[in-house]
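For the numbers below, each heavy atom of this structure counts, side chains included, while hydrogens, waters and symmetry mates do not. Keep in mind that what you see is a predicted model, and the values were worked out from it rather than measured. Counting starts at 1 for both ligands and their atoms, following the listed order.
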Amino acid sequence: MAKIGTDLGLAEKLLKTGKQVAIPTETVYGLAANALDATAVAGIFEIKQRPHFDPLIVHLHNKDQLQRYCKNIPEIFEQLYQAFCPGPITFILPKKDSIPDLVTSGQPTVGVRFPRHPLTRSLLLKLQLPLAAPSANPFGYVSPTTAHHVDEQLGEKVSYILDGGSSAVGLESTIIDLTQPQPKILRLGGLSLEEIEKLIGKVEVTAHSSSNPKAPGMLSAHYSPGRKLLIGDVEKLISENRKAGTAVISFSKQYSTEVENHILSTKGDLTEAASKLFKVLRLLDRDDVKLIIAERFPDEGLGRAINDRLARAAAT
Ligand code: TXA
Ligand code: MG
């Protein structure tokens, strides 16, 4: 078990001396290290068992120091920053040499994000350092949304877990590539496509694929809940799998009293559903669960990102 608490001074000291600390964000918990210290960053890859071709996101308190780490920042960044930061959006920008190649897997671009969680904002302000942080889960597994989730899987390996309660959004940040004249969404996430398009107009969403060189880590098989998962017509799938060990994840409807049914939002609110998805996927990673059946969510708002995560969980 790792030490868990809210000691910002301790987290600061550990990070300044090259250690890895789990931090709360509004999206999911991150496994952080000083982004300017390649040895500390190497420790993140080691702890997560993450392949080196999968680049990390760099977290900053605000945009004041952005020029130190990125170049050719387009005007559209300013617009998105003013509207959504701090918040669940990551910007892909051309990087400067100050960011070690290990952070970006040798790519000339870096993902930068300004997280909204108050505890992590205080930490970033105290540190005055950029923090490289992927989600704090073993590679390929569901992301953690509580300090306890981190402790269960990585507790032995991290120096400290900063406990900021449950992540409010519960899905990873939306990633937008600003390195080309036309912005592109590389990962659907905690900020909806509609909100972004309301501000900057139609945006292309590129398909997630392991062969997509712009998003090397976005493998189709990811977010594994450790169980077989089927998505589709729930009634039909239940009738075909009416046996012990079948569990259902639905948006707002109770399908069956015969099987374990997890409803993500009884009032039909996609934001509430998003915040619960990863908790339920983890809950169902139990020996007595043999099959998870999930409903397809409405393809709007955070429903798109929920469908994306479910599809990738089903692909494993
Ligand atoms: O909400 C989040 O984004 C969380 C919290 C902790 O901030 N972080 C997170 O990190 O989800 P991670 O490492 O699990 O996912 C980051 C994704 C990876 O799939 C990676 O491929 C992509 O971001 N990425 C990072 N840098 C990139 C770059 N320069 N170009 C393209 N994709 C990049
Ligand atoms: Mg991740």
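- Within the coordination shell of the Mg ion (ligand 2), defined by N, O or S atoms under 2.8 Å, Ser135 is present.
- Between the side chains of Asp54 and Ser105, no donor-acceptor pair of N or O atoms lies under 3.5 Å.
- For the side-chain contact (heavy atoms from CB on, under 4.5 Å) test, no residue two or more places apart in sequence or in another chain qualifies with Pro108.
- Ligand-side atoms of ligand 1 in range of Ile175: 17 (C), 22 (C), 23 (O), range being under 4.0 angstrom from any heavy atom.
- Counting heavy atoms only, Thr109 comes closest to atom 29 (N) of ligand 1 of the residues Thr109, Val28, Ile23.
- Using a 4.0 Å cutoff on heavy atoms, Arg50 counts as a contact of ligand 1.
- Atoms CG and CD, on Asp177 and Glu204 in that order, are 10.0 Å from each other to the nearest 0.5 Å.
- Each of the following atoms of ligand 1 lies closer than 4.0 Å to a heavy atom of Asp54: 18 (C), 19 (O), 20 (C), 21 (O).
- Among the atoms of Glu172, none of the N or O lies under 3.5 angstrom from an N or O of ligand 1.
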Between side-chain atoms of residues 70-81 and protein atoms elsewhere (two or more places apart, or another chain), which donor-acceptor pairs fall under 3.5 Å?
unit_1 : atom_1 : unit_2 : atom_2 : d
Glu78  : OE2    : Lys63  : NZ     : 3.2
Glu78  : OE2    : Gln82  : NE2    : 3.1
Tyr81  : OH     : Lys63  : N      : 3.1

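- The shell of residues lying under 4.0 angstrom from ligand 1, judged by heavy atoms, excludes Thr104.
- Connection of Leu237 to Leu281 is not established within any shared hydrophobic cluster, with ILVMFWY side chains joined at heavy-atom distances below 4.5 Å, either directly or through further cluster members.
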